[in-house]
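All heavy atoms count here, side chains included; hydrogens, waters and symmetry mates do not.
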Amino acid sequence: MDERIGDMDVREDGDDSFVANDDESSDYEDVGQPTSAIVAQASRLFREMNHRELVDSLNSLLSFLKQDFVKALPSEICGKVFSYLPMQDVKTCELVCRSWQYVIYDNNVWKEICFNRFQTVSSWKQMFHSSASIHPMVPIEWKIYCRVIAEGLRYVHSCWLTGTYEPTVIESESDGIYCLQFDEDKIISGDRQNEIKIWGLDDCKLRRAIKGHTGSVLCLQYDDDMIVTSSSDATIRLWDIHDNYTCKNVIRYHQDSVLHVRFDNERLVSCSKDKSIVVWKKEKPFHYTALHHLDGHQAAVNVVEFDKRNIVSASGDRTLKIWDPQNGELRLTLRGHTRGIACIHYHGDYIASGSSDKSIIIWEVKTGNIVRKLLGHSDLVRCVRFDEDFIVSGSYDTYVSFAVDTLQGLFFCCFQIYYIHVHIFLYIIFCSSFLRNIMVWNLHSGECMFAINGHSNRVFRVQFDKFRIVSSSQDDKIIKFDFSSGVSDMVLKRWSELRPHYRLEPLESNAQTTS
């Protein structure tokens, strides 16, 4: 909406009509004159007018200039235009006049907004599944539906801010789980027993185990068609999801463990303990040829990520390197960590890295400058992810929580009377203690918002979306920390509360009322 429209009306008497008298009409109807001559003639007339005449003339001009495109264009086209606006702007458009409001409702603009968001915003898609029992029918109900979905998302966000979550533990019996990825339906993990396992996200039950590697599965990534895994057996394997997870190709190139692998529609990039990075070009489904061999790191390359602009790698040599994906040339070397780098997340214009020096550093991609350094972990930071609001990190931390004063008092008493009981008491406390090895940080301030207690050993991997964190550990567990618990009931309740209060008054056919 152009906010200037409301400021242009300078009428004093409310009359926006313009009728020229006989003497004036000849001056304004001479359309054959050049534009500059017409403007000069108008300027001369304006100079001869008094203030009242100028106001009347300006209002007359405005009546010609102000055009309501909603009236001028077909209703269907206007409805399509409205559907591309942010929700708050659509609400504002509804308040302009009743004819605009009815164009929005007659063309199911709110329904279009819902479907656009379901297709393009993952959090809306997940909320759609959470509210599957709601079935809007008429246009006004789609507006209510948009509102309760937005309220549901705000509720989930507030749970993140307060650290309110519900954990669900998956026991894997895999001797340690090195990697995982999840979506709205499933979790796929790779473990130390050389297996890929597929779990249901909601019921957390094992659906199937896939064998093929002869070493630990260290990294995996999947899309709708393919799973790519890398292993300590020095191979990369490509699995066809649509053909019963059959292994379609085994890439043998690296001379040691393939520590990390990433792919998109055109390329695959792998890195290894042999200090190398290889960029692969996709020739056909499941088949790649080596395009670039990137040398420069002085130790094992632990992780690599890329997009169309950059390849980013991190190594035990304490550096990150940014490479040109087109020709493989080194662009920048980033230095800031004092020990080896175990993990990175490259997203948008920033990189987050975690290191054996117990810190997380946020870097600006374009300049290589350090934006922020986060301190709080007590051991190696093994995994880190971030979005537009939060950073989630997992580490090898071994914090133990107990009441120091109480313990000292009991120790003093027990030491004098029952020496043996002290050792038993201490053993019970330390065995039942928890580790604070997952931390959630505010991306903008760098403040640690809260630490999550769940795993009893080193955390190898964290992934998160707007609704949950999923982590894996050496303790042989996958834990789902759900921040959306109860949101479905909340959305249903709000739907029931709001639906009876919305009414739309009928508008006469072909009415052009503006109010």
Side-chain angles (χ1 to χ4, degrees), residues 167-183 185-223 226-241 244-248 250-251 254 256-263 270-273 300 302-304 342-343 354 380-385 392-397 435 437-438 452 454-464 468-481:
T168 303
V169 178
I170 301 174
E171 300 281 355
S172 180
E173 299 181 1
S174 304
D175 201 25
I177 305 161
Y178 287 119
C179 54
L180 64 80
Q181 182 182 332
F182 73 93
D183 56 36
D185 173 62
K186 61 187 175 294
I187 303 169
I188 301 182
S189 64
D191 58 49
R192 195 174 179 183
Q193 290 188 345
N194 315 340
E195 290 185 332
I196 305 160
K197 291 181 178 177
I198 303 173
W199 314 81
L201 180 68
D202 293 329
D203 59 18
C204 297
K205 292 182 179 179
L206 180 64
R207 295 180 181 177
R208 69 175 298 159
I210 305 168
K211 297 182 178 181
H213 280 292
T214 58
S216 300
V217 181
L218 302 178
C219 183
L220 67 83
Q221 183 188 350
Y222 69 85
D223 61 12
M226 177 175 69
I227 304 174
V228 176
T229 55
S230 66
S231 168
S232 59
D233 63 14
T235 69
I236 301 167
R237 292 179 181 257
L238 298 91
W239 314 79
D240 188 346
I241 291 177
N244 200 31
Y245 298 95
T246 302
C247 182
K248 294 292 188 180
V250 181
I251 299 176
H254 290 284
D256 209 330
S257 299
V258 184
L259 301 179
H260 211 257
V261 63
R262 281 291 176 263
F263 73 92
S270 58
C271 64
S272 170
K273 196 174 180 179
N302 293 320
V303 60
V304 63
C343 59
L380 179 149
V381 181
R382 180 65 169 77
C383 44
V384 63
R385 309 292 292 178
V392 179
S393 58
S395 77
Y396 289 2
D397 288 2
L435 307 182
N437 41 23
I438 299 176
I452 293 179
H455 290 290
S456 59
N457 211 321
R458 296 172 170 179
V459 172
F460 290 138
R461 188 67 171 169
V462 293
Q463 292 269 321
F464 76 99
R468 61 191 68 83
I469 298 171
V470 181
S471 60
S472 64
S473 168
Q474 191 173 343
D475 66 8
D476 213 26
K477 293 182 178 68
I478 296 172
I479 304 183
K480 178 178 68 173
F481 303 95

- prompt: What residues, two or more places apart in sequence or in another chain, satisfy side chain to side chain donor-acceptor pair (under 3.5 Å) together with Arg468?
  reply: Gln126, Asp465
Can you name the nearest heavy-atom pair linking [X] to [Y], along with the distance?
X      : Y      : result
His260 : Ser230 : N-OG, 4.0 Å
Ile177 : Ser174 : CG1-CB, 4.5 Å
Asp475 : Ser456 : OD2-N, 3.0 Å
Ser473 : Arg458 : OG-O, 2.6 Å
Phe481 : Ile452 : CE2-CG2, 3.2 Å
Gly354 : Val384 : N-CG1, 4.3 Å

Short question: side chain of [X], backbone of [Y] - any donor-acceptor pair under 3.5 Å?
X      : Y      : result
Ser232 : Ser216 : yes
Thr235 : Ile251 : no
Asn437 : Asn457 : yes
Gln181 : Tyr222 : yes
Ser231 : Gly215 : yes
His213 : Asn194 : no
Gln221 : Phe263 : yes
Arg237 : Gly212 : yes

Do [X] and [Y] have side chains that get closer than 4.5 Å, going by heavy atoms?
X      : Y      : value
Arg385 : Arg461 : yes
Glu173 : Asp476 : yes
Asp185 : Leu201 : no
Ile236 : Val228 : yes
Leu180 : Gln463 : yes
Lys186 : Arg207 : yes
Cys219 : Val258 : no
Ile187 : Ile170 : yes

message: Students often mix this up, so state it plainly: with edges at 30° and 60°, are the rings of Phe460 and Tyr178 parallel, tilted or perpendicular?
response: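 Tilted: the ring planes of Phe460 and Tyr178 meet at 30° to 60°.
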- prompt: What do you reckon, is NZ of Lys477 surrounded by more than 12 foreign heavy atoms closer than 6.0 Å?
  reply: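 Counting other residues, nucleotides and ligands, NZ of Lys477 exceeds 12 neighbours.
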- prompt: Would you find more than 12 non-hydrogen atoms of other residues, nucleotides or ligands less than 6.0 Å from Arg192 atom CZ?
  reply: no
Separation between [atom1] of [X] and [atom2] of [Y], rounded to the nearest 0.5 Å:
X      : Y      : atom1 : atom2 : answer
Asp191 : Leu218 : CG    : CG    : 10.5 Å
Ile188 : Thr229 : CD1   : OG1   : 10.5 Å
Lys197 : Ile210 : NZ    : CD1   : 11.5 Å

Intermediate values then yes/no, side-chain contact (heavy atoms from CB on, under 4.5 Å), Ile196 and Tyr245: CA-CA 10 Å; Ile196 305 160; Tyr245 298 95; over 6 Å; no
